[in-house]
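Reviewing the structure listed below.
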Amino acid sequence: MSYENVFIHSSSFFLPEKILSNSELSISLNIDENWIFSRTGIKERRILSKNEKTSNLASKACDKLLKKSTILPEEIDLLICCTITPDNLCPATACSIQKEIGLKNAVAFDINSACAGFIFGICTAYQYLKTGMYKNAIVVGVDILSRFTNYDDKNSCILFGDGAGAFLLEKSSKNSFIDFIIRSYGEYNDIIKIPSTGTELSNLKPFLTLNGREVFKWAIKSVYEIILEIIEKNNLSLSNIDYFILHQANQRILDGIANKLKEPKEKFLSNIEKYGNTSSASIPILFSEFEEKGFFKEGQTIIMVGFGAGLSIGATIIRV
């Protein structure tokens with residue numbers, strides 16, 4: 001049997017228990033909660049407790065992943081953590097996760113590509129597995145942007161929530177991935193920014209800033225273009241795509257992309273209403289939640305696109 005392919009063995013997600021609702025934000029910001037929903041499509045988001053950090057949240061998603069898997073922890077030889085909210089500037093948060101869940105044989109490192117991070121992460125893991133350097137890889141997307149949110153800024157604090165999602169990839173005779181495209185546009189690196197060093201430096205106030213209008217325009221244009229590029233590159237058409245799993249930045253962005261592609265909005269899966277923008281975690285959370293519900297059917301084709309600070313964007317076509 002040939003093991004030349006890379007297969008999504010399993011997926012998982014984990015969310016903090018605490019819920020921050022629009023009604024709570026509306027009181028503190030003195031705004032109408034319906035205004036929040038109309039601008040974002042978000043009704044509530046999850047917030048990590050103060051006594052936990054990024055690695056704790058990611059470890060819970062990874063532990064859940066391993067419990068669903070037939071692959072043992074000692075068989076994992078690569079762990080990639082995709083995050084912009086690390087525990088510390090050094091060491092890599094992936095190393096803390098490795099210790100916490102007992103991946104004693106895994107090389108571990110972080111990728112910082114913001115909301116595009118998970119696509120960059122699975123693309124990186126794919127290359128390691130495809131070349132035969134490693135056999136089993138965990139890629140976890142995790143961010144706790146609540147620690148970097150200015151809750152006096154009504155335009156940004158309504159967006160973000162905390163969460164973690166993970167894939168276990170294995171070298172296999174079965175194939176999940178058709179293609180990848182990843183890109184960065186450094187000339188726009190100031191549009192989304194966090195001037196910070198780590199989540200444990202609680203004496204600092206390093207708030208996330210973003211130019212919402214510019215992000216909105218760039219996201220719709222860039223996601224539209226990369227979707228058309230990747231399907232054309234692989235001799236597919238939009239009609240061949242069963243679902244689109246896009247970074248859950250804002251429901252208006254998702255709807256705008258669907259309208260520009262002239263595709264039914266039902267093909268654009270969404271859970272932003274419940275969780276808000278969870279940055280690099282949004283794609284694996286969305287995929288795993290729908291997979292756990294038995295939503296996908298074998299042979300379906302899905303495009304995933306992550307986009308965010310950098311500015312960075314990544315797309316992949318998978319077959320479930």
Side-chain angles (χ1 to χ4, degrees), residues 20 22 25-26 28-45 84-85 112-120 143 145-162 182-196 205-229 244-263 265 268 270-273 275-283 286 304-315:
L20 177 60
N22 285 355
L25 281 175
S26 70
S28 63
L29 295 169
N30 193 28
I31 57 176
D32 185 347
E33 63 183 279
N34 293 321
W35 177 87
I36 300 174
F37 182 72
S38 68
R39 286 176 61 89
T40 66
I42 300 167
K43 289 186 175 179
E44 59 187 39
R45 66 288 291 147
I84 55 170
T85 60
N112 178 339
S113 292
C115 304
F118 190 75
I119 301 298
F120 279 53
D143 276 306
L145 284 173
S146 64
R147 304 284 171 89
F148 301 93
T149 295
N150 180 358
Y151 285 98
D152 292 325
D153 177 9
K154 69 177 183 179
N155 292 309
S156 64
C157 76
I158 60 178
L159 294 170
F160 300 109
D162 304 336
I182 58 174
R183 291 206 174 95
S184 299
Y185 300 91
E187 63 268 32
Y188 304 114
N189 72 86
D190 285 333
I191 289 180
I192 307 172
K193 197 170 186 178
I194 302 176
S196 177
K205 297 295 182 184
F207 294 135
L208 181 149
T209 60
L210 75 161
N211 184 326
R213 186 185 300 273
E214 291 302 314
V215 170
F216 185 88
K217 291 190 297 184
W218 175 82
I220 292 178
K221 178 178 182 293
S222 298
V223 175
Y224 169 80
E225 290 175 349
I226 206 169
I227 288 173
L228 293 184
E229 180 180 355
F244 299 87
I245 293 182
L246 309 183
H247 165 53
Q248 303 290 284
N250 185 312
Q251 188 62 47
R252 290 169 61 215
I253 290 177
L254 303 181
D255 292 344
I257 294 164
N259 291 336
K260 195 169 178 64
L261 289 168
K262 296 182 173 60
E263 285 288 286
K265 291 180 181 177
F268 291 76
S270 176
N271 59 8
I272 193 170
E273 178 179 303
Y275 309 133
N277 179 340
T278 55
S279 188
S280 62
S282 74
I283 287 175
L286 181 58
M304 298 179 176
V305 184
F307 51 93
L311 292 172
S312 299
I313 188 167

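Annotation for G41 and Q251: closest pair CA-CB, 3.7 Å, computed over non-hydrogen atoms. Of all heavy-atom pairs between S280 and D143, the closest is OG-OD2, 2.7 Å. Taking every heavy atom of both residues into account, A116 and G314 meet most closely at CB-N, 4.3 Å. Residues H247 and S282 approach most closely at ND1-OG, 2.7 Å, considering heavy atoms. The minimum heavy-atom distance between L210 and S156, with the atom names listed, is CD2-CB, 3.8 Å. The two atoms that bring A219 and I253 nearest to each other are CB-CG2, 4.0 Å, heavy atoms only.
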Starting from the C-alpha separation in whole Å, work towards a yes-or-no answer on side chain to side chain contact (heavy atoms under 4.5 Å, CB included) for I42 and I158. CA-CA 8 Å; I42 300 167; I158 60 178; over 6 Å; no

Start with the C-alpha gap between F307 and V215, add the side-chain angles, then the distance that decides, and say whether side chain to side chain contact (heavy atoms under 4.5 Å, CB included) holds. CA-CA 10 Å; F307 51 93; V215 170; 5.9 Å; no

Audit row: I220, K260, side chain to side chain contact (heavy atoms under 4.5 Å, CB included) steps and yes/no: CA-CA 8 Å; I220 292 178; K260 195 169 178 64; 3.8 Å; yes

Start with the C-alpha gap between R183 and E229, add the side-chain angles, then the distance that decides, and say whether salt bridge (charged side-chain N to carboxylate O under 4.0 Å, His left out) holds. CA-CA 12 Å; R183 291 206 174 95; E229 180 180 355; 2.7 Å; yes

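The CD1 atom of I194 lies 4.0 Å from the CD1 atom of I84; values are rounded to the nearest 0.5 Å. To the nearest 0.5 Å, atoms CD1 (I257) and CD (E263) are separated by 12.5 Å. Here CD1 of I226 is found 9.5 Å from CD1 of I119. Values are rounded to the nearest 0.5 Å. Residue I283 holds its CD1 atom at 8.0 Å from CD1 of I245, rounded to the nearest 0.5 Å. Atom NZ of K43 is separated from atom CG of L20 by 15.5 Å, given to the nearest 0.5 angstrom. Atoms OG and CG, on S279 and L208 in that order, are 8.5 Å from each other to the nearest 0.5 Å.
Counting heavy atoms from C-beta on, the side chains of K154 and W35 come closer than 4.5 Å. Within the 4.5 Å cutoff, the side chain of N155 has heavy atoms near those of the R39 side chain. The side-chain heavy atoms of F160 and F148, taken from C-beta on, include no pair separated by under 4.5 Å. Using a 4.5 Å heavy-atom cutoff, the side chains of S184 and F120 are in contact. Residues N277 and N250 fail the side-chain proximity criterion, which asks for heavy atoms closer than 4.5 Å. K265 is listed as a side-chain neighbour of N259, based on a closest heavy-atom distance under 4.5 Å. Using a 4.5 Å cut-off on side-chain heavy atoms (C-beta onward), L261 and L228 make contact. For the pair I192 and L311, the minimum side-chain heavy-atom distance is below 4.5 Å.
At a cut-off of 3.5 Å, with distance as the only test, no side-chain donor of T278 or Q248 sits close to an acceptor on the other residue.
Between F268 and F244, the ring-plane angle classifies as parallel under the 30° and 60° cut-offs.
Looking at N22, I272, T149 one by one, the single match for side-chain contact (heavy atoms from CB on, under 4.5 Å) with R45 turns out to be N22.
A donor-acceptor pair is defined here as one N or O able to donate and one able to accept, closer than 3.5 Å; such a pair exists between the side chain of D162 and the backbone of S146.
Residue F37 places its CZ atom among more than 12 non-hydrogen atoms of other residues, nucleotides or ligands, all under 6.0 Å distant.
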